Trainee: 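The structure is given below, and queries will be raised subsequently.
Predicted, not measured: the structure shown is a model, and the values here were computed from it.
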Number of protein chains: 2
Amino acid sequence: MADPLYRRIADDLREQIDSGKLAAGKQLPTELELKDKYNASRNTVRDAIKWVISLGLVETRPGQGTFVVEKRNPYVTTLTADPAKGAGGDEVFDYNLEVSKQHRQPSNTDPQVEMQKATGKIAEQLGLPENTQVISRHQRRFIDGTPWSMQTSFYPRGLAARGADRLSDADDIEGGAVQYLADTLGLKQVGYGDLITVRTPDMREAEFFKLPEDGRVAVFEVFRTGFDQTGTPMRLTVTVFPTDRNQFQVNVGDVPQPAPSEGNQQS
Amino acid sequence: MADPLYRRIADDLREQIDSGKLAAGKQLPTELELKDKYNASRNTVRDAIKWVISLGLVETRPGQGTFVVEKRNPYVTTLTADPAKGAGGDEVFDYNLEVSKQHRQPSNTDPQVEMQKATGKIAEQLGLPENTQVISRHQRRFIDGTPWSMQTSFYPRGLAARGADRLSDADDIEGGAVQYLADTLGLKQVGYGDLITVRTPDMREAEFFKLPEDGRVAVFEVFRTGFDQTGTPMRLTVTVFPTDRNQFQVNVGDVPQPAPSEGNQQS
DNA sequence: GCAAATTTGTTCGTATGTATT
DNA sequence: CAATACATACGAACAAATTTG
């Protein structure tokens with residue numbers, strides 16, 4: 001019991017939440033009530049609450065109170081493409097299809113297209129010199145109306161110059177960009193590599209996903225590099241997903257059909 | 001300037017770190033110095049520091065000061081097995097091999113073997129009724145001496161009864177458990193599925209990985225379910241990795257040899 | 001090895017501001 | 001508009017960890 005007071009209070013709150021005595025969505029006693037209950041000052045009680053906030057167990061709403069966080073129903077993205085569709089089909093199409101299969105309603109914004117200079121990681125993954133012009137296509141996606149992911153695809157600008165000019169259009173590309181590149185330039189994506197990382201969200205991401213500004217909810221950042229038949233990177237897709245509502249599935253070899261995780265709930 | 005004072009101070013500190021004016025590993029001014037610099041109280045300065053801590057930019061060390069965090073060199077785990085080795089070879093062997101390839105020194109503890117009752121997710125993934133006896137084999141791994149992952153594999157107890165009794169031994173299984181099961185029982189792992197999730201670490205994990213106790217550094221939890229030739233789950237491996245020093249690579253189709261990310265550094 | 005100085009950690013009190021009901 | 005509840009801010013004192021002389 002050498003632990004500081006605010007930690008002991010926090011541990012007691014945590015125990016009540018873990019045991020289900022304080023159910024998800026329920027309101028905790030107010031700061032003033034807790035102050036009396038634990039014979040502590042209001043500041044100490046607030047320190048205890050900050051601790052359990054940091055553990056991701058509760059959240060405070062100004063003027064309302066402190067509430068036990070509700071677990072979200074995670075959406076599972078399968079990174080290993082269905083062989084039937086070839087390696088890494090259309091992102092948007094796949095996405096809408098997969099989400100529907102989990103009986104949830106997908107939607108997405110129109111692509112926002114920009115010309116940019118490739119820097120750092122983008123140039124590196126695409127195998128281009130720094131500051132080469134690239135086409136950037138950005139899209140935001142929702143599931144059942146809640147923001148789910150932000151995606152930006154980068155293509156070497158040379159592809160548009162060589163005839164794939166619709167890459168620069170701010171419209172969805174029917175059948176997907178990969179199929180379009182195969183049709184117009186004979187450029188086939190024969191494989192891709194995904195690099196999965198986790199970091200704190202930046203301000204734009206926190207705003208879009210409605211995450212707390214202090215970065216306590218991390219985001220996945222997935223870098224997908226697609227390769228053509230010559231082994232050259234043909235595109236890089238960077239997708240950001242909040243870790244509190246997303247999971248990934250990777251299947252290798254023979255995996256029985258109803259994948260072990262489907263429309264599930266986290267422990 | 002409607003922003004509260006502690007946020008303005010925090011933003012100023014953040015800017016100095018992002019711009020490199022405060023380099024990684026360097027010490028920030030002390031709380032008393034910052035208090036003078038910003039004409040704020042010590043408590044307000046401390047609130048500002050707590051904010052940048054939450055953003056993962058700095059850390060405080062009692063008695064020493066506040067320091068800009070050093071980025072870790074991430075270790076990249078490839079989840080899609082090399083086809084040459086068959087689907088999902090030996091975990092330990094693969095691990096040591098892969099780590100060596102990234103020119104870093106792997107090590108791991110001896111397995112800690114226990115008999116347990118399958119509950120919740122474990123029973124579900126293994127396709128067993130709740131409270132069925134399972135063999136649990138737990139191991140901890142290090143890279144260059146720093147703790148890197150905690151892994152627990154669960155096998156239906158029936159496998160040991162049917163002749164694979166070394167599953168219950170607290171020793172490394174030469175050539176890997178998957179190979180051992182193939183040799184003794186003719187049970188071949190023909191495929192596996194990985195489910196990648198992120199959550200806050202529990203106390204044991206925080207202690208082992210030396211993570212801050214308040215859960216601001218999340219962990220990956222990867223569930224790997226292995227299937228035999230009949231499509232039956234033969235084992236479940238749950239591995240926990242801190243997100244601040246781990247990344248995952250998934251390759252599908254033809255991906256050129258020097259994988260795009262190798263011994264790299266995060267942006 | 002110890003004592004002093006430095007620096008962050010904990011706890012209280014108090015006052016006022018802002019958001020919501 | 002009033003009441004309630006969390007947010008911001010300051011001041012103060014003592015504790016604990018670490019470094020330094």
Trainee: With a 4.0 Å heavy-atom cut-off, tell me which residues in residues 24-34 of chain A come close to DNA chain D, sorted by residue number.
Mentor: T30(A), E31(A)

Trainee: With sequence neighbours left out, what residues match Y38(B) under ring-ring contact (aromatic ring centres under 6.0 Å, His included)?
Mentor: none

Trainee: Would the distance check show the side chain of T66(A) and the main-chain N or O of L28(A) forming a donor-acceptor pair, the cut-off being under 3.5 Å?
Mentor: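 No, because the side chain of T66(A) does not come within donor-acceptor range (under 3.5 Å) of the backbone of L28(A).
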
Trainee: Give the rounded distance in Å between these two atoms: CG of N39(B) and P of dA9(D).
Mentor: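 Taking CG of N39(B) and P of dA9(D), I get 14 Å after rounding.
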
Trainee: Does a nitrogen or oxygen in the side chain of T66(A) sit under 4.0 Å from OP1 or OP2 of dC6(D)?
Mentor: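 So the side-chain polar atoms of T66(A) do come within 4.0 Å of the phosphate oxygens OP1 or OP2 of dC6(D), strictly under.
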
Trainee: Is any side-chain N or O of R46(B) closer than 4.0 Å to OP1 or OP2 of dG9(C)?
Mentor: yes

Trainee: Please work out which residues in residues 203-217 of chain B have a non-hydrogen atom less than 4.0 Å from an atom of DNA chain C and list them by number.
Mentor: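 Of all residues in residues 203-217 of chain B, none places a heavy atom under 4.0 Å from DNA chain C.
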
Trainee: Round to the nearest Å and state the distance from E59(A) atom CD to dA7(D) atom C1'.
Mentor: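 Those two atoms, CD and C1', are 16 Å apart.
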
Trainee: Whole-Å distance between dC10(D) P and K35(B) NZ?
Mentor: 9 Å

Trainee: Could you name each residue pair satisfying salt bridge (charged side-chain N to carboxylate O under 4.0 Å, His left out) that touches residues 17-28 of chain A, not counting sequence neighbours?
Mentor: R14(A)-D18(A)

Trainee: Is E130(B) reaching over with its side chain to a backbone N or O of G120(B), donor-acceptor style, under 3.5 angstrom?
Mentor: yes

Trainee: Please, which pairs that meet salt bridge (charged side-chain N to carboxylate O under 4.0 Å, His left out) have at least one residue in residues 34-45 of chain B, sequence neighbours excluded?
Mentor: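 Qualifying pairs: E31(B)-R42(B).
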
Trainee: Within a 6.0 Å radius of atom CD on E213(B), are there more than 12 heavy atoms belonging to other residues, nucleotides or ligands?
Mentor: no

Trainee: Rounded to whole Å, how long is the line connecting atom CG of D36(B) with atom P of dT7(C)?
Mentor: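 Rounded to whole Å, this separation is 12 Å.
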
Trainee: Going by an N to O cut-off under 4.0 Å, is there a salt bridge joining D3(A) and R8(A)?
Mentor: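 No, no charged N to carboxylate O under 4.0 Å.
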
Trainee: Carefully, step by step, assess L57(B) and V68(B) under the rule side-chain contact (heavy atoms from CB on, under 4.5 Å).
Mentor: CA-CA 6 Å; L57(B) 297 177; V68(B) 181; 5.9 Å; no

Trainee: Has R140(B) got its NZ or CZ under 6.0 Å from the middle of the six-membered ring of F208(B), at an angle within 45 degrees of the ring axis?
Mentor: yes

Trainee: Establish, yes or no, whether a centroid distance under 6.0 Å links the rings of F248(A) and F241(A).
Mentor: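 Yes, they do, as the ring centres are separated by less than 6.0 Å.
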
Trainee: Can you figure out which of dT10(C), dT14(C), dT8(C) approaches the side chain of N43(A) most closely?
Mentor: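 Looking only at side-chain atoms, N43(A) lies closest to dT14(C).
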
Trainee: Could you tell me the separation between the NZ atom of K50(B) and the C1' atom of dA7(D), rounded to a whole number of Å?
Mentor: 13 Å

Trainee: Examine dC10(D): is either OP1 or OP2 under 4.0 Å from a nitrogen or oxygen in the side chain of T44(B)? Give yes or no.
Mentor: yes

Trainee: Ion pair present between R199(B) and E205(B), side-chain N to carboxylate O less than 4.0 angstrom?
Mentor: yes

Trainee: Expressed as a whole number of angstroms, how long is the span from R7(B):CZ to dG17(C):C1'?
Mentor: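 R7(B) atom CZ is separated from dG17(C) atom C1' by 17 Å.
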
Trainee: Measure the distance from CG on D47(A) to C1' on dT8(D) and round it to the nearest whole Å.
Mentor: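 It works out to 14 Å between those atoms.
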
Trainee: Return the value, rounded to whole Å, for the distance between atom CD1 of I9(B) and atom P of dT8(D).
Mentor: 13 Å

Trainee: Assess, by modelled atom type and distance only, whether the side chains of T239(B) and Q151(B) contain a donor and an acceptor separated by less than 3.5 Å.
Mentor: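 Short answer, yes.
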
Trainee: Could you run through nucleotides 13-21 of chain D and give me one letter per nucleotide, 5' to 3': B if any protein heavy atom sits under 4.0 Å from the base, S if only the sugar-phosphate is that close, - if neither?
Mentor: B---BSS--

Trainee: Look at all strands and tell whether L5(A) reaches a base, only sugar-phosphate, or nothing, counting heavy atoms closer than 4.0 Å.
Mentor: sugar-phosphate

